[in-house]
Amino acid sequence: MGRASPLLLVLLALGFFFATYNLLTLVIQYKDSSTGLGSGISDPVTGMPANSWKLGKSNLKFHVALTATDAPYSQWQCRVMYYWYKKMKSMPGSDMGKFTRVLHSGKGDHLMDEIPTFIVDPLPDGLDRGYIVLNRPWAFVQWLEKATIEEEYILMAEPDHIFANPLPNLAHGDNPAGFPFFYIKPTEHEKIVRKFYPEEKGPVTDVDPIGNSPVIIKKSLLEEISPTWVNVSLRMKDDPETDKAFGWVLEMYAYAVASALHGVRHILRKDFMLQPPWDLEVGKRFIIHYTYGCDYNMKGELTYGKIGEWRFDKRSYLSGPPPKNLTLPPPGVPESVVRLVKMVNEATANIPGWDSLNSG
């Protein structure tokens with residue numbers, strides 16, 4: 001792997017700046033919505049499709065699949081994620097099966113021998129319009145069509161996920177399990193949603209407030225939904241009003257709409273995932289999603305929107321992996337952030353050749 005050009009790094013940095021700005025506009029809402037989601041979650045299920053409770057738990061293994069690129073930023077996150085998958089896979093309570101990194105770069109990289117990988121093609125040049133996440137549904141279509149997948153269920157995951165607890169199969173029969181994102185609000189965007197989910201299909205409330213990840217779903221259902229997911233994603237990106245309204249979460253809305261078009265409703269599990277720094281404790285939740293930057297002063301006070309005296313932000317490591325033994329947060333920082341940094345440190349200390357990530 002050669003080094004990224006300065007121009008590419010500048011463009012990536014600009015892209016992440018705007019993504020971070022958009023995230024910041026949602027922060028206050030998330031602080032309100034995440035109240036009380038620590039270790040004492042009274043009821044982790046916020047939405048259950050009709051009659052799905054009669055089916056009981058699936059208790060079947062699920063295949064862990066994440067889509068990724070060959071960029072160093074994606075690679076180091078995949079390595080950390082795979083480390084914790086291997087550690088949690090065989091623990092009591094886990095229904096994890098095999099693992100695949102679905103690499104949509106069209107060619108292999110130097111992690112092929114470290115992480116089970118399946119290579120698929122990216123979208124044709126220009127079709128993603130600089131929104132690289134549009135490659136995700138297309139990657140799943142190709143993988144599902146060409147790969148041999150033994151498990152009946154699939155977990156769609158992302159590189160910036162860390163398994164904090166052994167993950168059981170949260171799906172119930174044909175009802176997948178998903179995580180309710182506070183910023184996915186189909187009912188507040190009914191006019192736009194109706195462009196892709198017409199009234200004859202049903203009420204807008206049938207579109208779940210989810211993205212595609214994390215989701216545990218039957219492989220046969222995902223095979224049906226994925227081509228629709230691709231088409232809806234591209235149509236949304238082609239529509240200026242939709243593109244402007246949904247922005248960086250457009251592909252998430254596309255999955256939610258595609259699922260509804262196929263009559264698929266998700267069990268909404270708020271214990272599926274936590275997102276530091278807003279979720280303060282890991283507790284019994286299963287996945288840490290470190291999409292938000294964590295900035296604090298030395299008093300342990302959050303300084304979100306301002307670079308802290310202490311910080312952990314994945315976007316600080318666009319061109320290469322974080323160093324080993326990151327400094328732990330100061331006293332007073334939430335347990336979720338401390339746990340995240342400790343888990344990253346454990347992974348980097350034990351993954352062979354961590355410091356040589358870019359030397360291949």
Side-chain angles (χ1 to χ4, degrees), residues 13 15-41 44 46 73 76-77 80-81 83-84 157-165 167 179-185 209-211 213-214 247-249 252 269-318 321-323 325-348:
F16 286 117
F17 168 80
F18 287 115
T20 302
Y21 175 81
N22 287 327
L23 283 171
L24 183 55
T25 64
L26 301 170
V27 162
I28 295 177
Q29 299 174 58
Y30 191 27
K31 289 170 69 178
D32 293 337
S33 69
S34 61
T35 302
L37 296 186
S39 57
I41 299 177
T46 62
Y73 176 71
W76 71 256
Q77 293 175 56
V80 173
M81 199 271 197
Y83 171 86
W84 284 103
E158 297 181 13
D160 61 352
H161 287 178
I162 291 178
F163 293 108
N165 285 299
L167 179 60
F179 176 77
F181 287 91
F182 76 98
Y183 49 78
I184 302 297
K185 300 177 179 180
I210 60 169
S213 177
W248 60 278
V249 296
M252 298 172 69
R269 297 285 303 237
K270 60 187 178 183
D271 63 341
F272 209 153
M273 191 167 74
L274 69 145
Q275 301 186 98
W278 312 113
D279 294 313
L280 305 182
E281 300 176 10
V282 174
K284 296 180 180 180
R285 285 177 283 198
F286 301 106
I287 293 173
I288 298 176
H289 182 209
Y290 54 99
T291 189
Y292 295 97
C294 301
D295 288 276
Y296 292 87
N297 61 29
M298 298 314 291
K299 297 179 181 179
E301 298 168 336
L302 185 66
T303 63
Y304 200 86
K306 176 183 177 182
I307 294 177
E309 297 174 86
W310 180 93
R311 79 179 325 224
F312 176 77
D313 188 336
K314 65 178 184 177
R315 297 165 191 83
S316 299
Y317 309 104
L318 297 179
N325 197 28
L326 293 168
T327 302
L328 293 179
V333 171
E335 181 265 348
S336 62
V337 178
V338 177
R339 176 88 172 269
L340 166 61
V341 177
K342 286 183 175 180
M343 294 184 83
V344 171
N345 280 346
E346 178 177 331
T348 62

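Keep in mind that what you see is a predicted model, and the values were worked out from it rather than measured. Nothing fancy with the numbering, it's 1 onward along the sequence.
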Nearest-0.5 Å distance, CD1 of residue Ile287 to CZ of residue Arg269: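 Those atoms lie 12.0 Å apart.
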Leu340 side, atom CG; Asp279 side, atom CG - distance, nearest 0.5 Å: 12.0 Å
Counterpart residues, side-chain contact (heavy atoms from CB on, under 4.5 Å), relative to Glu301 (two or more places apart):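 Per chain and number, Glu301 pairs via side-chain contact (heavy atoms from CB on, under 4.5 Å) with Asn297, Lys299.
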Which heavy atom of [X] sits nearest a heavy atom of [Y], and at what distance?
X      : Y      : result
Met81  : Ala157 : CE-CB, 3.5 Å
Phe182 : Lys185 : O-CE, 2.9 Å
Val341 : Leu328 : CG1-CD2, 3.9 Å
Tyr296 : Pro277 : OH-CB, 3.2 Å
Tyr290 : Lys314 : O-CD, 3.6 Å
Val333 : Val337 : CG1-CB, 3.6 Å

Contact check, side chains of Glu335 and Leu280, non-hydrogen atoms, under 4.5 Å: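 Answer no - side chains too far apart.
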Thr348 side chain near Pro321 side chain, heavy-atom distance below 4.5 Å: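 No, their side chains stay 4.5 Å or more apart.
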Side-chain donor or acceptor of Trp84 paired with backbone N/O of Ala347 under 3.5 Å: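 Side chain of Trp84 to backbone of Ala347, a donor-acceptor pair under 3.5 Å: no, none is there.
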Side chain Asp295, main chain Thr303, donor-acceptor under 3.5 Å: no
Between Tyr83 and Glu346, a side-chain donor and acceptor under 3.5 Å: yes
Stepwise side-chain contact (heavy atoms from CB on, under 4.5 Å) test for Trp278 and Leu302: CA-CA 10 Å; Trp278 312 113; Leu302 185 66; 3.2 Å; yes
Aromatic plane relationship, Tyr317 with Phe312 - under 30° parallel, 30 to 60° tilted, over 60° perpendicular: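 Taking Tyr317 first and then Phe312, their aromatic rings sit tilted (interplane angle of 30° to 60°).
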Ring geometry between Tyr183 and Phe181 (parallel below 30°, tilted from 30 to 60°, perpendicular above 60°):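 Rings of Phe181 and Tyr183: tilted, as their planes differ by 30° to 60°.
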Check against side-chain contact (heavy atoms from CB on, under 4.5 Å), Thr291 and Arg315: CA-CA 9 Å; Thr291 189; Arg315 297 165 191 83; 3.6 Å; yes
Step-by-step side-chain contact (heavy atoms from CB on, under 4.5 Å) determination, Val282 to Leu274: CA-CA 7 Å; Val282 174; Leu274 69 145; 4.1 Å; yes
Qualifying residue, where the test is side chain to side chain contact (heavy atoms under 4.5 Å, CB included) with Ile288 and the options are Gln275, Met273, Arg339: Arg339
side-chain contact (heavy atoms from CB on, under 4.5 Å) evaluation trace for Phe179 with Ser213: CA-CA 8 Å; Phe179 176 77; Ser213 177; over 6 Å; no
